Amino acid sequence: MIRKYFLILIVFQVFQGYSQKFEELALTPPMGWNSWNKFGCNVSESLIMEMADAMAESGMRNAGYEYLVIDDCWQVGRDSLGNIIADPERFPSGMKVLVDYVHSKDLKFGIYSCAGSMTCQSRPGSRGYQFQDARTYASWGVDYLKYDWCFDEGQKAEAAYKTMSDALKASGRPIVFSICEWGESEPWKWGKGIGHLWRTTADIRDCYQCTFDWGGLGVLDIIDKQADLYEFAGPGHWNDPDMLEVGNGGMTPDENKTHFSMWAMLAAPLMAGNDLRNLDKATAEILMNEEVIAIDQDSDGHQARKFMDMGEYEIWAKPLAGGEVAVCFLNRTDEVWKLNYDWKKQTMYFAADVSIHQNVYKVKDLWEHKIIGKTDENLVKEILPHGSLLVRLSKLNK
Ligand code: GLA
């Protein structure tokens, strides 16, 4: 009888071990850097080492950017035993040495693969090799896996991602699992127990508003697609509106600030995608704005909701820990928005424990880093074209 009980217990534990992702990871949205947006397939050992140095020296690491992720094109084939092989010309020292180097800089290391037979750049994918690849990554010391969806060959996304999630779990190493299936089969509905973040759209393009017939979305279109997804985000499971384009040259300073402000409001993973070796002052000030990062990293893990939609003007609100709230006024137009906002006319509460009517809050502009008013007076401000105003409301001690 006792033996039978133990058997059931062991089977249960093994089942559990293989059926759940690693918990306690990504309790706030992951932050880091990824090679794709700037470098595409042009990745190498020297690039990644230089980027690790830059993350440490530029202040990015101290600002919270933790994961250094190599995207597509690091892999060239498999050996006779099926083990994945890194490009020996571009990564002559091998992945383990590179991972150790990144770890020596107090950073974590991320890698990329694909649920299909090939990656999006036609490199070997993990289909049929999931458990073997996961063991390899674990033996290298990988901390994060971005897992793409090209050449899926008719697989069901949920099952395919579950297999890799199980493989990572079985490897024994806690690895953040980033689901990258572009929102096609609504991963927010099934991703929570499988991965820690999931892409919600096609790839981001370095522009505020633009459309591509071959796929890809500008910042504004991506924001629009996040509006209904707020209920699916939370500690350990995030909607991922794709990596940052800040600093890549396609947007004006105000557009970049809007991009970064809204990603913070959306509790989005903050994966920088620019060349950190040449950080100009304006880009550094955006990516390392501690007060904006704090909105993104708020421990309650709420994603902002669109609180008010006035067509070309929008107001987004995000409840924060401790009864505070972040509010972002978004100007989609090519003209200045002459904001004259009466907080007291709110008919809806921003959050259960935030009442504009019963309390007075001070209003802090998180780009100017100063208090610009209180909620018992109108907020008067000019918001630049394609710009935004991001404020934090904290209760005034009366
Ligand atoms: C897909 C992903 C991108 C990037 C490329 C690499 O398009 O969505 O983020 O990883 O593949 O090939």
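Since the model is a prediction, treat every value here as computed from it, not as a measurement. First listed ligand is number 1; within each ligand, the first listed atom is number 1.
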Who's the nearest protein heavy-atom neighbour of [atom], and how far?
| atom | answer |
| --- | --- |
| atom 8 (O) of ligand 1 | Asp203 OD1, 2.5 Å |
| atom 12 (O) of ligand 1 | Asp72 OD2, 2.8 Å |
| atom 4 (C) of ligand 1 | Asp71 OD1, 3.4 Å |
| atom 1 (C) of ligand 1 | Asp148 OD2, 3.0 Å |

- [ ] Could you tell me if the ring centre of Trp149 sits under 6.0 Å from that of Tyr161?
- [x] yes
TODO: Compute the ring centroids of Trp140 and Trp74, then answer whether they are less than 6.0 Å apart.
DONE: yes
At a 4.0 Å threshold, what atoms of ligand 1 neighbour a non-hydrogen atom of [X]?
| X | result |
| --- | --- |
| Gln121 | 12 (O) |
| Arg199 | 8 (O), 9 (O) |
| Cys180 | 2 (C), 8 (O) |
| Cys120 | 1 (C), 11 (O), 12 (O) |
| Trp182 | 2 (C), 8 (O) |

Task: Proximity to ligand 1 by part of Ala202, non-hydrogen separation under 4.0 Å - done: neither
Open item on the list: Can you tell whether the side chains of Lys364 and Glu291 come within less than 4.0 Å, N to carboxylate O?
Closed with: yes
Open item on the list: Between Asp166 and Lys162, does any side-chain N to carboxylate O distance fall below 4.0 Å?
Closed with: yes
Open item on the list: Check this for me - ligand 1, Trp36, N or O atoms closer than 3.5 angstrom, yes or no?
Closed with: no
- [ ] State whether the shortest distance between N or O atoms of Lys146 and N or O atoms of ligand 1 falls below 3.5 angstrom.
- [x] yes
- [ ] Take the angle between the ring planes of Tyr147 and Phe177 and call it parallel below 30°, perpendicular above 60°, tilted in between.
- [x] tilted
Task: Phe22 six-ring centre to Lys169 NZ/CZ under 6.0 Å and within 45° of normal - done: yes
Task: Face-on cation placement of Arg173 at Tyr137 ring, 6.0 Å and 45° thresholds - done: no
Task: Check SG atoms, Cys120 and Cys114, less than 2.5 Å apart - done: no
Open item on the list: For the backbone of Gln358 and the side chain of Ser355, can you confirm whether one donor and one acceptor N or O come within less than 3.5 Å of each other?
Closed with: yes
TODO: Run the contact test for Thr119 against ligand 1 with a 4.0 Å cut-off on heavy atoms, strictly below, and give the result.
DONE: no
